[in-house]
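Before we start, here is the structure in question, set down as structure tokens.
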Amino acid sequence: MILYEVTLDAEPAVAPAVEEHMRRKHIPAILASACFRRIRFAQASSTRFRTSYEAESQADLDRYLREYAPALRAEFQAEFAAGVTVTREIWIEREVWESGSGTP
């Protein structure tokens, strides 16, 4: 599994609008691309958000980055030209432990 993680650090004045935009518009648009099997949106503080996108394969992530990301990033940048710092990372899942299984 490939995890594509995007962290947003928003200034307090725009943080509520950023959260609303992510939940109502941006994440649903990404889910509609069918490149990810699951998307999680989390909040660490009133101004820090993280979205974790789970792709089945590198090919799915590559398709998203090639076919969808440029337009979605441009749309986000147009909506929030200032006040938001974006960090993107790609993680490759190596092992998973689940409660009750006793083994990975």
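Only this structure's heavy atoms are used, side chains among them; waters, hydrogens and symmetry mates stay out.
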Check whether V6 and I92 end up in the same hydrophobic cluster, where Ile, Leu, Val, Met, Phe, Trp and Tyr are linked by side-chain heavy atoms less than 4.5 Å apart.
yes
Heavy atoms of A10 and A15 approach each other most closely as CB-CA, 3.9 Å
Mind checking whether M22 and Q43 have side chains closer than 4.5 Å, heavy atoms only?
no
Under the side-chain contact (heavy atoms from CB on, under 4.5 Å) rule, what do E11 and V18 come out as? Steps first, then yes or no, please.
CA-CA 10 Å; E11 292 179 3; V18 168; over 6 Å; no
All heavy atoms of L72 vs all of A29, minimum pair found to be CD2-CB, 3.8 Å
Would you kindly confirm whether F41 and I90 end up in one hydrophobic cluster when ILVMFWY residues are joined by side chain heavy atoms under 4.5 Å apart?
yes
R48/L8 under side-chain contact (heavy atoms from CB on, under 4.5 Å): CA gap, chis, key distance, verdict:
CA-CA 6 Å; R48 186 170 171 85; L8 306 173; over 6 Å; no
Rounded distance (nearest 0.5 Å) linking atom CG of L3 with atom CZ of R38
10.0 Å
So NE2 of H26 and CG of L31: to nearest 0.5 Å the spacing works out to 12.0 Å
What do you reckon, is CZ of R63 surrounded by more than 12 foreign heavy atoms closer than 6.0 Å?
yes
Is a donor on one side and an acceptor on the other found under 3.5 Å between the side chain of E93 and the backbone of E95?
no
Rounded to the nearest 0.5 Å, what separates atom OH in Y53 from atom CD in E5?
10.0 Å
Would you say W91 and F49 are hydrophobically clustered, going by side-chain heavy atoms of ILVMFWY under 4.5 Å?
no
With under 30° as parallel and over 60° as perpendicular, where do the rings of F76 and F80 fit, or are they tilted in between?
tilted
When rounded to the nearest 0.5 angstrom, what distance separates CD1 in I30 from CD1 in I39?
6.0 Å
For the pair E79 and K25, find out whether any cationic side-chain nitrogen is under 4.0 Å from an anionic carboxylate oxygen.
no
With a 4.5 Å cut-off on side-chain heavy atoms, are T87 and R50 touching?
no
Close side-chain approach of D60 to I2, heavy-atom, < 4.5 Å
no
Using 30° and 60° as the class limits, which term best fits the ring planes of F36 and Y4: parallel, tilted or perpendicular?
parallel
